[in-house]
Amino acid sequence: MTAVAVRGKRERVIAPLVTGQEIVLLVVVAALWFVLWWATPAFLSADSLRPLLIEVAPVALIGVGMTLVIVSAGIDVSVGSAMMVCGVITARLLVEAQVSLVVALLVAIAVGALLGAVNGVLIAWGRVHAIIITFGTLNLFQFVGRQLFGSQTVNGIPSTLDIFGRGDAGRTFGLPHSFLLMAVIAAAVWWYLRQTPGGRHFYAIGGDPVAAELAGVRVRRRVLLAYVVTGALVGLAAVFTIAKGTATLDQSIGSGKELAVIAAVVIGGTSIMGGRGSVLGTILGALLVQTVTSGVTQLGWPSDLSDLFVGVFVIIAVGADLLRERARRAKR
Amino acid sequence: MSAPRLSVKDISKRYGAVRAIGHADLVVEPGTVHALVGENGAGKSTLIKILAGAVTPDTGSIEFDGAPARIGATADAMALGIATVYQEPQLFRELTVSENIFLGRELRSGPRIDWAAQHARVVELLDLLGLPSKEATSQVGDLSIAEQQQVSIAKALAGDAKLLILDEPSAILTDAEIEVLFGVVRRLKESGVAVIYISHRLDELFRIADEVTVMRDGATLGTYPIAELTVREIAELMVGDVLDDERPTRTVPDGPPKLELSSLGLEGEFHDVDVTVKAGEIVALYGLVGSGVSEIANTVYGIDPATTGEIRLGGEPVRPISPRHAQKLGIALLPADRKAQGMFSFQSIAFNISVGHLPLLSKFRLWMDRGRERTVAKDLIDRLAVKTPSERQPIGAMSGGNAQKVVLARQLVRRPDVLMLAEPTQGVDVGAKEEIHRIVTALADEGTAVLVVTSDLPEALRIADRLLVVRGGTTVAEFGREASQVDVLAVAAGEVRT
Amino acid sequence: MTEIDVKAEPGLGSRMLRAVLTRREILLVILIVVVVVWMTLLGYGGYLTGPYNPDYLAASLVDAVPLAMLALAELLVIVSGRGGIDLSIGAIVSLTGMVFGFASGQWGWPLLPAILLAVAVGGALGAVNGFLVARLGFPALITTLATYYAFKSLAVVINAQQPISTPSIQSLYSLTASVEIPVIGHDIPNVPLGVFTFLLPAMVLVWLLLQRTTFGRRLFAIGTNDVAATWSGVPVAGTRMRAYVLAGVIAGFVAVYTTGQFASARPDAGTAGNGLALPAITIAVLGGVAITGGIGRVSGVLLAAILVTWLNAGILLLFEGNEGTQFQLLALGAVLVFCALLNAYTTRKYGGTR
Amino acid sequence: GCTQKNTGQGAGTNAGGKHQIAFVPKLQGIPYFEAMNTGGKGAEQALGDATWLYQGPTQADAAAQTQIVRSFIQRGVQVIVVAPNDPNSMAPVLKEAQDKGIKVMTSDTDAPNSVRDAFVNQASTEQIGKALTDAMLKAMGGKGKYAIVSCGETAENLNSWIKVQKQYTAEKYPEAQIVDTVYAGEDQAKATQMAADLMNAHPDLTGLIGECTSSAPGVAQAVKDSNRIGKVFTVGLGTPKSMKPYLADRSSSSSILWDVEQLGYLTAWAGDQLASGKQFQPVNKVSDKLPAVKWDAATKTLLLGDPLVITKDNADRFSY
Ligand SMILES: Nc1ncnc2c1ncn2[C@@H]1O[C@H](COP(=O)(O)OP(=O)(O)OP(=O)(O)O)[C@@H](O)[C@H]1O
Ligand SMILES: Nc1ncnc2c1ncn2[C@@H]1O[C@H](COP(=O)(O)OP(=O)(O)OP(=O)(O)O)[C@@H](O)[C@H]1O
Ligand SMILES: [Mg+2]
Ligand SMILES: [Mg+2]
């Protein structure tokens with residue numbers, strides 16, 4: 001009691017820790033989990049939640065980067081294809097060149113960052129709208145990925161990848177490592193966005209890039225950074241995806257991920273117009289989407305219905321956002 | 001005597017065909033407040049944008065504290081210690097007050113922002129400006145416009161400024177807020193900071209400024225100790241020798257008022273505005289920036305419907321709720337912000353003219369009558385003497401004056417009962433201005449009731465049969481055709497008429 | 001403030017360069033000629049696996065029909081401005097296709113009412129987008145992403161994953177089969193009927209709509225500057241809403257077309273793989289539609305669709321095996337990025353493309 | 001790609017007068033169809049007078065397949081073989097091909113309403129459905145609940161097998177029950193996740209069927225991940241190489257398939273027969289490995305043979 005009182009008295013020197021949208025999301029996810037637990041008690045078992053977390057990890061991880069991109073008023077629809085490129089390179093290195101896991105991991109991240117840099121340079125220096133450039137690179141990366149696959153699958157993915165979430169070696173405190181790693185990175189980015197000048201500058205750019213430039217923000221560098229970080233995280237997410245898959249990697253890796261990630265980011269309260277959003281929201285958004293998908297299967301409903309719910313949640317999230325913004329304008 | 005804080009020589013700046021500044025010299029001493037005055041469009045904001053590094057001049061040199069300075073970017077200006085509060089606030093709605101104030105030069109402890117240190121400094125600044133310290137962590141989007149303006153000022157004060165530039169800071173502040181601002185400015189001045197202060201409220205300059213530099217038509221005319229001048233004399237300098245140009249005389253036909261505004265008000269903008277305009281009469285509403293004058297026409301046009309009072313049209317009370325509605329009632333408005341509110345940049349002249357009258361220029365309101373459209377466009381191009389090879393030219397490529405004529409032409413496709421013109425000749429060259437005045441007068445002669453809302457005083461006096469001065473959100477005085485510019489300016493700028 | 005005319009009359013060379021750079025149609029025509037000539041030469045040189053001849057070009061137009069029509073739909077919504085875009089267009093094709101399948105294939109409706117139903121449903125789905133975007137002010141990108149998910153899901157669930165391909169649906173193939181054009185047809189290749197029954201009417205109608213009607217004027221007005229449009233008394237929300245409805249209507253026709261072309265109403269007709277929306281947007285952008293609104297022409301979109309179709313058709317003959325379809329991705333991506341960069345460059349140099 | 005492919009000859013004819021047999025799979029880059037391609041290439045060697053062509057779309061989409069078929073028509077090949085994503089969708093373009101004098105066939109998946117001259121069937125629908133069911137129930141001990149993780153919702157062959165499975169289970173195993181059928185697309189990871197969800201939703205589930213080559217390893221992986229080996233049994237239509245690790249650790253009990261390379265071989269052979277105008281016999285000797293392939297004239301179907309049960313013992317015999 002006293003502790004609370006003391007805290008209450010201390011002056012807040014920074015914007016509040018969590019926003020309204022995040023709390024709403026937390027409540028919605030909690031409510032969904034409760035309903036699912038009530039309908040199928042096994043939902044809240046470790047066996048059920050662990051795969052869910054493993055499944056969430058890559059989407060949330062890319063979502064962390066996508067949050068940077070969207071906060072700075074950009075968008076990246078090429079992440080699915082970039083994931084394919086990173087995935088096939090990593091898998092082939094592991095299987096054919098027998099490189100160690102660490103090397104493969106670093107290569108995946110480097111390749112991802114490189115692809116992100118291609119997007120970033122074209123967008124920041126070519127001064128083309130992000131959605132058009134990334135529509136283009138979506139196709140280009142697809143091409144590269146398929147060329148690298150050479151119409152084959154990569155077989156015999158080594159079990160060293162189990163470290164990212166499989167069996168006892170893959171978890172700590174019962175949580176899969178991929179999820180933990182994602183959480184650590186998300187926390188770091190969250191901290192960066194919230195606490196450092198560079199981080200705050202993303203919000204300024206999303207709000208008004210010209211004014212940001214006038215205030216001395218190096219806008220192009222920031223924009224490039226957003227896409228490079230997203231690319232690097234796509235590389236890591238590709239490794240997670242290989243790790244959670246079977247011993248065979250095929251060309252379906254990454255397909256459709258861009259839309260899933262964007263949906264998670266938007267449900268998480270990040271404004272598609274830029275200037276507002278948080279990493280925490282994105283993770284909750286990803287968790288919500290996966291909960292809905294799993295929930296639909298577990299309830300025995302047609303699995304395709306989950307997309308309908310995702311669509312409805314996106315509409316609700318955007319609607320709530322608009323209402324809040326309108327209330328704010330009205331208050332002024 | 002030591003070197004001046006700032007010494008500007010022979011600055012000029014062109015925007016395409018528009019000469020914003022032809023020749024500007026300015027010397028500002030440390031520990032003084034230097035007022036910069038001039039009519040709208042005189043080039044004040046352009047000059048300070050050059051000093052802030054937001055705009056690069058075409059010619060000229062700048063010395064700061066006696067040393068030549070190259071200001072190529074905003075960062076250079078900041079490094080010199082030049083802090084600027086722009087006319088339009090450059091703030092980020094989603095960031096907190098504290099973040100806005102320190103954006104681009106955050107205080108750090110290690111890699112992170114030193115929130116506590118920033119907060120302490122921000123609280124100090126807010127205190128100074130009379131804002132509650134809890135606002136430090138509010139998002140700027142949640143603040144009122146006046147509060148945002150004060151945040152802009154706080155932002156400028158946060159660095160250790162040697163030269164503080166304030167571009168019309170008082171336009172949207174209340175008297176009490178202005179008082180606080182003056183206190184701050186005085187304190188800064190005492191500590192040796194040089195301040196450039198731009199304002200249209202000439203009366204307030206006497207309470208704060210030491211010297212005044214007057215600009216007219218993109219040139220500085222000279223610098224004077226403020227104590228040697230009166231409001232009237234400054235006004236005379238600003239206005240120049242166009243003072244007594246001949247005014248065409250015209251007789252206003254007698255008749256009942258066509259447009260009547262009685263006790264019209266819009267929450268937070270203006271109140272108790274009373275205006276009547278007869279058919280065939282030209283009435284001007286004149287007020288300085290922030291006087292609320294610009295909002296009045298918008299309200300009559302249905303952009304922001306009035307919250308109090310009444311609008312009568314030909315004696316019938318009306319309540320326009322949208323521009324569409326207003327147009328149906330026979331009210332037209334030439335908007336003030338030509339680019340944002342008037343122009344469809346990459347569309348043709350014909351398109352720009354016909355867009356407000358599609359039902360009229362179509363068959364069954366569905367099918368464009370292109371022949372008619374072309375005829376109407378060509379006709380108006382001729383009538384308004386728009387300089388263009390064809391009606392198919394895109395408007396975006398035209399000069400400001402010609403573009404303005406095209407936007408005006410749109411209001412004339414159907415002769416409106418009431419034509420309102422907001423800043424009809426802003427950014428328009430002398431010749432075109434002349435023609436626009438001629439057109440407006442001709443329209444009035446044909447029986448249109450014309451209401452001109454302008455901050456260009458010579459213009460108001462030249463074309464209007466009557467002139468109403470708006471100050472503090474309400475109509476305060478009325479002048480006839482014979483009024484002198486200086487009289488009017490003095491009233492608008494705060495001189496109390498006895 | 002005096003104004004001076006600084007523009008000197010530019011030379012012929014620079015005028016032509018400017019025309020090529022700023023008039024997208026000219027650039028596209030040049031690219032089409034380059035592709036056709038280059039492919040034909042490769043064919044004569046024996047580098048192609050089959051002849052790249054007029055017959056083939058004509059036959060491959062069957063693929064251009066849905067692509068070009070959906071690009072027209074995107075043209076309408078993108079031109080409407082405020083970030084207008086429709087990611088759900090492929091999902092609308094899927095869902096309306098299924099509705100058409102039910103009506104024509106299972107309920108035994110005659111063709112015309114069935115088509116009208118499909119088109120009406122397409123319009124209604126477009127109205128959902130339009131209502132959210134135009135009336136409520138939702139951002140288009142994210143709204144249509146949401147409805148993409150929703151419509152796609154409904155299309156699959158509505159008939160428990162099953163395509164509808166009853167004999168009455170199968171007979172619709174004649175709508176799209178290749179035909180000999182009367183009178184002159186003897187001397188030129190057979191062209192797919194869909195080009196005449198669907199694409200040309202759609203093109204002409206959209207062109208008339210944009211260039212000749214008051215609606216078109218309003219649409220360009222709101223897309224160019226929606227504040228100025230409001231001030232000019234243009235009903236902004238209503239016009240924008242109509243753009244989305246029309247996009248849905250076009251998607252309805254495309255659904256009928258693909259149902260006929262494939263003799264089957266498929267729940268994934270517009271969403272299989274990457275779906276039809278992304279290529280449609282790509283074609284629109286390639287055709288010179290400015291993503292910021294207010295600029296776009298039917299002719300540009302048509303030429304872009306033809307360019308991509310003929311390039312794709314050529315690539316299949318140039319590369320054997322799986323490479324062929326892979327190089328199609330490369331071509332599409334490269335052409336899009338190239339044109340986008342060119343657009344940005346010309347905007348800076350000449351102040352915008354037209 | 002710029003090697004000369006058509007040395008100096010006019011359009012339509014082909015090098016050395018060989019029959020060009022073009023195969024369009026549902027999707028490129030998946031082991032199943034690449035193995036068919038291997039078989040087809042083998043036949044090209046063995047037959048001597050045939051050229052085997054293979055080109056697959058990047059997405060499992062009928063429209064993309066049609067485009068490829070059209071390019072083959074343009075090449076003037078003698079035979080076009082398709083494994084249709086949506087059987088009905090292929091009918092029109094196959095008709096077009098036939099009108100141009102090209103022989104058309106289907107393989108792997110039939111397009112029964114089309115004009116195809118022959119269908120090369122890997123095994124009858126009945127047989128596959130029954131074999132899957134028998135294998136599943138054998139592992140489950142003849143009773144219990146099981147679920148199916150299928151792939152594309154609209155895949156005709158998968159759906160017809162599922163139909164047989166449902167009927168046959170109800171008839172022959174009254175104590176067994178199919179509790180759910182879900183669709184994971186061609187996405188292994190999604191199949192794994194859905195299998196995990198199914199096991200949670202039905203704690204008493206003892207069997208999972210992976211209905212296609214991407215979901216077969218997926219369901220096995222899910223069982224392995226949740227430590228339910230020995231409690232939940234899986235059976236699938238998986239390629240030997242991808243199933244090998246799962247068969248070895250018993251997360252998969254067996255895989256039902258057929259010799260995919262031989263299916264490719266038979267397809268090429270059948271195409272060659274058609275191209276040279278030869279009739280199929282009621283029983284055909286195709287090669288040493290395919291000594292007696294049956295032809296059913298009524299349905300114009302060539303039958304590869306019985307389904308193959310792949311276990312950890314014979315998985316090594318296959319290279320795909
Ligand atoms: N010591 C400092 N004190 C005040 N402001 C600083 C300081 N160092 C840098 N800045 C400002 O903070 C902003 C970020 O600068 P920084 O050098 O960290 O960029 P960066 O290295 O690209 O960022 P990041 O840390 O995200 O990699 C810049 O606007 C810079 O001018
Ligand atoms: N970016 C620009 N492009 C073209 N013309 C411009 C631009 N900025 C200013 N101008 C023109 O330059 C002239 C001077 O403008 P400036 O803003 O400096 O005037 P000002 O004295 O600050 O006026 P006010 O009192 O209305 O603020 C005006 O005619 C204006 O239209
Ligand atoms: Mg740094
Ligand atoms: Mg100014």
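These values consider heavy atoms only, across backbone and side chains, with no hydrogens, waters or symmetry-generated copies. Protein chains get the first letters and strands the later ones, always in sequence-line order, with residue 1 at the start of each.
- In this structure, A:Lys257 places its NZ atom where more than 12 heavy-atom neighbours from other residues, nucleotides or ligands lie under 6.0 Å away.
- Distance check: A:Thr293 OG1 to D:Lys190 NZ gives 7.5 Å after rounding to the nearest 0.5 Å.
- Only the side chain of A:Asp304 comes within contact range of chain D, judged by heavy atoms closer than 4.5 Å.
- Heavy-atom distances place the side chain of D:Pro245, and not its backbone, under 4.5 Å from chain A.
- For A:Gln251, the part lying near chain D is the side chain, with the backbone staying farther off; criterion is any non-hydrogen pair under 4.5 Å.
- Residue contact with chain A, scored on non-hydrogen atoms closer than 4.5 Å, involves the side chain of D:Tyr246 exclusively.
- Atom OG of A:Ser151 and atom CG of D:Leu27 lie 10.0 Å apart (nearest 0.5 Å).
- Between A:Thr297 atom OG1 and D:Gln193 atom CD the span is 7.5 Å, to the nearest 0.5 Å.
- The structure places CG of A:Leu36 at 11.0 Å from CG of D:Asn200, a figure rounded to the nearest 0.5 Å.
- Put simply, the side chain of A:Lys244 does not reach to within 4.5 Å of the side chain of D:Thr192, judged on heavy atoms.
- Contacts of D:Asp180 with chain A are made by side-chain atoms alone, with heavy-atom separations under 4.5 Å and no backbone atom involved.
- Contacts of A:Ser45 with chain D are made by side-chain atoms alone, with heavy-atom separations under 4.5 Å and no backbone atom involved.
- Looking only at atom types and distance, the side chain of D:Gln221 has no donor-acceptor partner in the side chain of A:Thr246 under 3.5 Å away.
- Side-chain N or O atoms of D:Tyr183 include none that pairs as donor or acceptor with a backbone N or O of A:Pro302 at under 3.5 Å.
- Per-residue counts of heavy-atom pairs under 4.5 Å with chain A were compared for D:Thr58, D:Val182, D:Leu198, D:Ile30; the largest is that of D:Thr58.
- Side chains of A:Thr248 and D:Gln188: no donor on one and acceptor on the other come within 3.5 Å.
- Shortest non-hydrogen contact noted between A:Thr153 and D:Gly29 is CG2-O, 3.8 Å.
- To the nearest 0.5 Å, the span separating CD1 on A:Ile54 from CG on D:Asp225 amounts to 6.5 Å.
- Nearest heavy-atom pair, A:Asp250 versus D:Ser214, reported as atom, atom and distance to 0.1 Å: OD2-CB, 4.5 Å.
- Separation of atoms CG (D:Asp197) and CG (A:Leu52) is listed at 7.5 Å; rounding is to 0.5 Å.
- Considering only heavy-atom pairs separated by less than 4.5 Å from chain A, the leading option among D:Lys224, D:Met199, D:Gln28 is D:Gln28.
- Only the side chain of A:Thr40 comes within less than 4.5 Å of a heavy atom in chain D; its backbone stays farther off.
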